[in-house]
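Quick note on labels: first sequence line is chain A, next is B, and so on, each numbered from 1. Fair warning: this is a prediction, and the values are worked out from it, not measured in the lab.
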Amino acid sequence: MNQKYMPQQIELKWQRYWEENDSFAATEDPSREKYYLLEMFPYPSGRIHMGHVRNYTIGDVVARYKRMQGLNVLHPMGWDAFGMPAENAAIEHGVHPAKWTRENIAYMRGQLKRMGFSYDWAREFATCDPSYYRWEQWLFLQMLEKGLVYRKKTFVNWCDSCATVLANEQVEQGDCWRCGKTVAQREQSGWFFKITDYADELLEFTDKLPGWPEKVLISQRNWVGKSYGAAVKFPHVGPHAAENDAIEVFTTRPDTLYGVTFMSLAPEHPLALALAKGTEHEAVVTAFVNKVKSEDKISRTMDDYEKEGVFTGAYVTNPLTGAEVPVYVANFVLMDYGTGAVMAVPAHDQRDFEFARKYDLPIQVVIQGEEPLDPATMTEAYVGEGVLVNSAQFNGTKNKQAIEDIAAYMDDMGIGGKTTNFRLRDWGVSRQRYWGAPIPVIHCDECGTVPVPEDQLPVTLPEDVEFPEGRVLPLANIPSYYETTCPKCGKDAKRETDTMDTFVESSWYYSRFACSDYDKGMFDRKRLDYWLPVDQYIGGIEHAVLHLLYSRFWVKVQRDLGLTSMDEPFTNLLTQGMVCKETMRCPEHEWLFPEEVEDGKCVKCGQPAAKGRVEKMSKSKKNVIDPEALIEAYGADTARLFSLFASPPELDLDWNEKGVEGSYRFLRRVWRMVADNADWLIDTTPYSEGKIEGRAKDIRRKTHDTIRRVTKDIETRFHFNTAVSAMMELVNELTSFKADSDTDRAVFREAVNALVTLLCPMVPHFSEELWEELGGEGQLLNAKWPDYDEAALAQDSMVVMVQINGKVRGKLEIPTGASQEDVEATAKADANVSKHLDGKKIVKVIYVPGKILNIVVR
RNA sequence: GCCCGGAUGGUGGAACUGGUAGACACAAGGGACUUAAAAUCCCUCGGCCCUAGGCUGUGCGAGUUCGAUUCUCGCUCCGGGCACCA
């Protein structure tokens with residue numbers, strides 16, 4: 001056996017072996033329990049980064065562990081291949097997005113293979129494969145038929161720099177999630193998925209996902225944003241009021257209805273202009289509406305945005321009091337929440353209060369708290385609890401009760417009633433980009449919007465396109481693509497030229513992995529029902545709302561289309577933290593690479609370079625570690641081991657070179673320990689258990705305790721860092737153990753075999769090689785995960801800490817099973833303990849068997 | 001503003017269900033081996049003190065308890081989600 005650990009050689013050897021033997025191919029087998037493990041698939045950006053290494057290492061450990069537990073494991077990998085960067089690369093380098101994407105995939109596939117991940121590569125696909133998006137288009141048409149997709153003209157989020165529309169979920173604090181530029185509002189037609197139909201169910205099921213981290217569920221609940229309240233119809237009067245015409249509002253505070261003194265409409269509300277039309281107010285209202293519409297979303301939602309409005313000239317009637325109140329258009333009312341119209345109660349809502357003060361509108365108090373309220377002297381709205389006043393028959397009712405009572409009363413009167421409102425908006429999926437899945441519909445002047453017939457799927461993206469002057473033309477500029485004929489009437493018609501949001505592809509890719517024979521049809525229920533749902537999903541927390549919400553929606557749609565029986569796609573979710581590294585910066589040159597710093601100074605200008613914060617690895621901050629360089633220097637196993645050992649998965653991982661060195665050192669230590677004793681470790685002479693005593697017995701106990709701890713840490717909480725440290729402890733014990741007798745050697749052998757097996761999911765090449773050297777049978781990856789022997793864990797003696805008044809005063813080693821009396825007697829005999837007991841009166845004695853004896857004295 | 005997390009040595013992090021705080025590593029210091037270096041091995045390593053031993057210590061302040069990193073209440077700071085949401 002080689003005395004030296006040679007990672008490069010070993011790793012390539014086993015990777016070749018796995019590839020040649022299809023070691024990780026998964027087959028449906030109803031007689032075996034399945035385990036579908038999935039990591040969020042990558043965007044093929046060019047090279048893998050440390051975040052991928054971490055994510056996929058965690059996944060690989062679980063996959064290999066479950067496999068050794070005897071489960072039928074599906075562990076696939078693919079590519080989220082559509083999206084903007086491919087178009088940007090085309091613009092910058094004149095390379096076709098498809099070519100760029102394919103080349104990146106080829107390179108990154110090689111990198112993943114070099115990490116030794118146990119993927120079933122036969123199931124690999126890229127979302128830009130027509131054979132993939134063909135089924136996405138088919139699903140789109142199914143949804144269209146069910147009315148779950150619709151087209152509407154509305155105000156959408158527009159990113160100028162990406163030249164496309166964005167979904168609400170893709171706007172972060174008013175900025176584009178990808179490029180960070182400010183998002184504008186634009187009125188435009190587009191396709192929408194009716195995710196709001198599923199708002200209630202998406203919310204309800206957040207209580208039925210015990211395997212998800214609470215913070216992800218909370219984010220999703222916030223995003224769906226259900227609020228309870230009442231819908232109220234205010235009949236309107238005025239120049240354009242038709243009979244039975246009413247403006248509906250949503251309120252969470254029906255208890256304040258008697259305090260309504262005006263109404264506010266969003267500038268985008270269709271009635272805003274309609275009410276003023278033809279009146280003396282028309283010009284003012286039109287000007288105001290246009291002004292507000294031209295402002296972007298961020299400035300409109302700024303804290304100090306001034307509340308302004310104009311009178312429309314119209315009035316509505318308060319359905320409870322019959323009072324007529326004026327209708328305003330106000331810049332702070334949002335069209336996309338509630339109905340876009342708000343009943344204004346200035347006495348009990350701060351925004352309405354400010355508005356009323358500014359435009360001198362009446363303030364009517366209807367809830368009285370402890371202190372008397374006088375509209376004339378109030379300086380802010382009263383939003384606390386209280387008792388109703390000025391509210392007819394509801395006077396004297398507590399306001400919480402009045403919420404119920406008034407809603408019920410309105411229901412009886414047919415003017416409104418209890419309802420709920422959601423923050424969630426429908427998912428806009430139209431993108432005005434080239435590199436995406438085409439939306440399979442045709443626009444015909446005669447027949448309207450016509451779905452592409454199923455036998456004409458897929459509608460493929462034209463690949464033979466030109467890029468004039470470093471531009472990628474959207475499909476709307478490619479006549480050979482959009483010119484077609486109507487499938488219904490045969491006349492000239494135009495294809496839809498929008499492509500789908502890339503989040504559509506990632507909403508269902510996990511189903512595709514479960515169907516390996518694509519040509520036989522995507523929805524092979526036997527395969528789907530066998531593998532799905534995903535048992536364990538692993539990925540970054542940044543998708544807490546976006547991808548994870550869309551996927552949940554998509555599964556519910558598929559279920560209602562009769563395509564799957566699952567309710568939720570991912571039974572268990574693990575969200576891992578980011579990979580971070582310390583940054584270096586210079587007062588003049590901003591971020592520096594480590595090699596740009598010498599003796600703590602910037603090599604460019606000689607000024608002292610300060611250590612920056614530990615931040616997420618990013619090219620711009622020059623703190624990126626290239627996995628490839630790491631593999632070259634230490635091997636994939638060390639990279640894997642360190643990323644597992646440095647911190648538990650959910651926390652951010654702080655990368656430091658010295659830590660990597662430590663993991664490498666550990667592997668070398670294990671290697672040497674085996675190599676030094678290789679001649680007799682291969683021997684298989686059994687030992688008889690009864691003879692094990694003393695140090696050998698301790699070693700054996702440690703071995704089995706290590707099996708117990710490692711299994712528990714992986715199984716119950718994915719804390720690989722403590723699993724690794726348990727194994728390090730075992731190695732520390734083993735290296736100081738002199739195996740002199742046959743029994744000693746047998747115990748040592750058992751320990752080494754267990755260690756190598758336990759290490760297998762984490763450092764598979766290393767373990768496999770040692771397994772072979774030790775004469776192990778077959779492939780270690782198919783070996784059975786070890787069980788621990790309860791009997792071996794038994795201790796001859798136990799350590800009992802002695803406390804006096806809660807302070808540790810002694811440590812006793814006592815035969816296991818000693819009675820409390822024995823323990824107390826031994827404790828009192830202890831010199832230090834008796835010193836502290838001297839002259840004191842024992843008040844109470846608490847004994848926790850095998851752990852602590854606490855003597856309370858006075 | 002509302003709703004969630006989190007805070008432990010010089011560093012990453014351990015500590016099961018309230019029972020020895022700091023496992024396992026990294027860094028640092030000291031030593032051994034070596035012509036030297038690398039590698040390896042050994043020792044020390046929260047702070048303070050009268051060093052056998054004692055005091056103190058898990059963001060801060062209270063509380064419950066024989067006993068609190070762990071539970072309760074009130075703060076501070078950091079991170080995250082939502083937010084003119086009617």
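Within the shown strands, nothing qualifies as a pairing partner of B:U51 under the Watson-Crick or G-U definition with both distances less than 3.5 Å. Summarising the base pairing, B:C60 is matched to B:G74 through a Watson-Crick or G-U wobble pair whose two defining distances lie under 3.5 Å.
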Checking ring-ring contact (aromatic ring centres under 6.0 Å, His included) for the pair A:F355/A:F262: CA distance, chi angles, key distance, verdict? CA-CA 10 Å; A:F355 197 85; A:F262 62 100; 5.4 Å; yes
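Residue-level contact check: A:R858 touches neither bases nor backbone, having no heavy atom under 4.0 Å from any strand. Among the protein residues, A:I218 comes within range of the sugar-phosphate backbone only, with heavy atoms under 4.0 Å from sugar or phosphate atoms but none that close to a base. Among the protein residues, A:K835 comes within range of the sugar-phosphate backbone only, with heavy atoms under 4.0 Å from sugar or phosphate atoms but none that close to a base. Within the nucleic acid shown, A:K807 comes within 4.0 Å of sugar-phosphate atoms alone, with no base atom in reach, counting heavy atoms only. Residue A:E729 is classed as a sugar-phosphate contact, given heavy-atom separations below 4.0 Å to backbone atoms only. A:V345 comes within contact range of no nucleotide atom at all, as no heavy-atom separation falls under 4.0 Å. Note on A:R717: only backbone sugar-phosphate atoms sit closer than 4.0 angstrom, heavy atoms only; bases stay farther off. Within the nucleic acid shown, A:H836 comes within 4.0 Å of sugar-phosphate atoms alone, with no base atom in reach, counting heavy atoms only. Heavy atoms of A:R665 sit under 4.0 angstrom from primed sugar atoms or phosphate atoms, though from no base atom. Among the atoms of the strands shown, none is found under 4.0 Å from any heavy atom of A:R221. Within 4.0 Å of A:G662, counting heavy atoms only, lie sugar-phosphate atoms of the nucleic acid but no base atom. Counting non-hydrogen atoms under 4.0 angstrom, A:F645 reaches a base of the nucleic acid. Among the heavy atoms of the strands lying under 4.0 Å from A:V848 is at least one base atom, whether or not backbone atoms are also near. Backbone-only engagement by A:N732 is indicated by non-hydrogen atom pairs under 4.0 Å involving sugar-phosphate atoms exclusively.
Between the side chain of A:K844 and the base of B:C66, no donor-acceptor pair under 3.5 Å is found. Scanning atom types as modelled, one donor and one acceptor separated by under 3.5 angstrom connect the side chain of A:N854 and the base of B:C66.
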Would you mind writing out the side-chain donor-acceptor pairs for residues 638-647 of chain A within the sub-3.5 Å range, not counting sequence neighbours?
{"unit_1": "A:T638", "atom_1": "OG1", "unit_2": "A:Y634", "atom_2": "O", "d": "3.4"}
{"unit_1": "A:R640", "atom_1": "NE", "unit_2": "A:M762", "atom_2": "O", "d": "2.8"}
{"unit_1": "A:R640", "atom_1": "NH1", "unit_2": "A:D60", "atom_2": "OD2", "d": "3.0"}
{"unit_1": "A:R640", "atom_1": "NH1", "unit_2": "A:M115", "atom_2": "O", "d": "3.0"}
{"unit_1": "A:R640", "atom_1": "NH1", "unit_2": "A:G116", "atom_2": "O", "d": "3.4"}
{"unit_1": "A:R640", "atom_1": "NH2", "unit_2": "A:D60", "atom_2": "OD2", "d": "2.7"}
{"unit_1": "A:R640", "atom_1": "NH2", "unit_2": "A:P761", "atom_2": "O", "d": "3.0"}
{"unit_1": "A:S643", "atom_1": "OG", "unit_2": "A:A639", "atom_2": "O", "d": "3.3"}
{"unit_1": "A:S643", "atom_1": "OG", "unit_2": "A:R640", "atom_2": "O", "d": "3.0"}
{"unit_1": "A:S647", "atom_1": "OG", "unit_2": "A:R54", "atom_2": "NH2", "d": "3.2"}
{"unit_1": "A:S647", "atom_1": "OG", "unit_2": "A:D652", "atom_2": "O", "d": "3.4"}

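By the 4.0 Å N-to-carboxylate-O rule, A:D654 lies too far from A:K581 to be salt-bridged with it. The pair A:E615-A:K621 counts as a salt bridge, with a side-chain nitrogen and a carboxylate oxygen less than 4.0 angstrom apart.
Phosphate contact (OP1/OP2 of B:U40, side-chain N/O of A:R668, threshold under 4.0 Å): present. OP1 or OP2 of B:C41 lies within a sub-4.0 Å distance of a side-chain N or O belonging to A:R672. Taking side-chain N and O atoms only, A:H719 has no distance below 4.0 Å to OP1 or OP2 of B:G13. Contact check, A:R809 against B:C55: a side-chain N or O comes under 4.0 Å of OP1 or OP2. Between B:G54 and A:N832, a contact under 4.0 Å exists linking OP1 or OP2 to a side-chain N or O. Taking side-chain N and O atoms only, A:Y337 has a distance below 4.0 Å to OP1 or OP2 of B:A86. Within the structure, every side-chain polar atom (N or O) of A:N222 is placed at least 4.0 Å from both OP1 and OP2 of B:C4.
Between the CD atom of A:E650 and the P atom of B:G79 there is a distance of 20 Å, given to the nearest Å.
Defined by atom type and a distance below 3.5 Å, a donor-acceptor pair is missing between the side-chain atoms of A:R425 and A:T196.
Base orientation of B:G22: anti, the glycosidic angle falling outside 90° of 0.
B:G19 sits 11 Å from B:A68 when the P atoms are compared, rounded to a whole Å. For the P atom pair drawn from B:G81 and B:U11, the interatomic distance equals 27 Å after rounding to whole Å. Here, B:A15 and B:C24 have their C1' atoms 12 Å apart, quoted to the whole Å.
Residues A:F353 and A:I363 share a closest heavy-atom pair of CE1-CD1, 3.8 Å.
Formation of a donor-acceptor pair under 3.5 Å by the A:N331 side chain with backbone atoms of A:E308 is found in this model.
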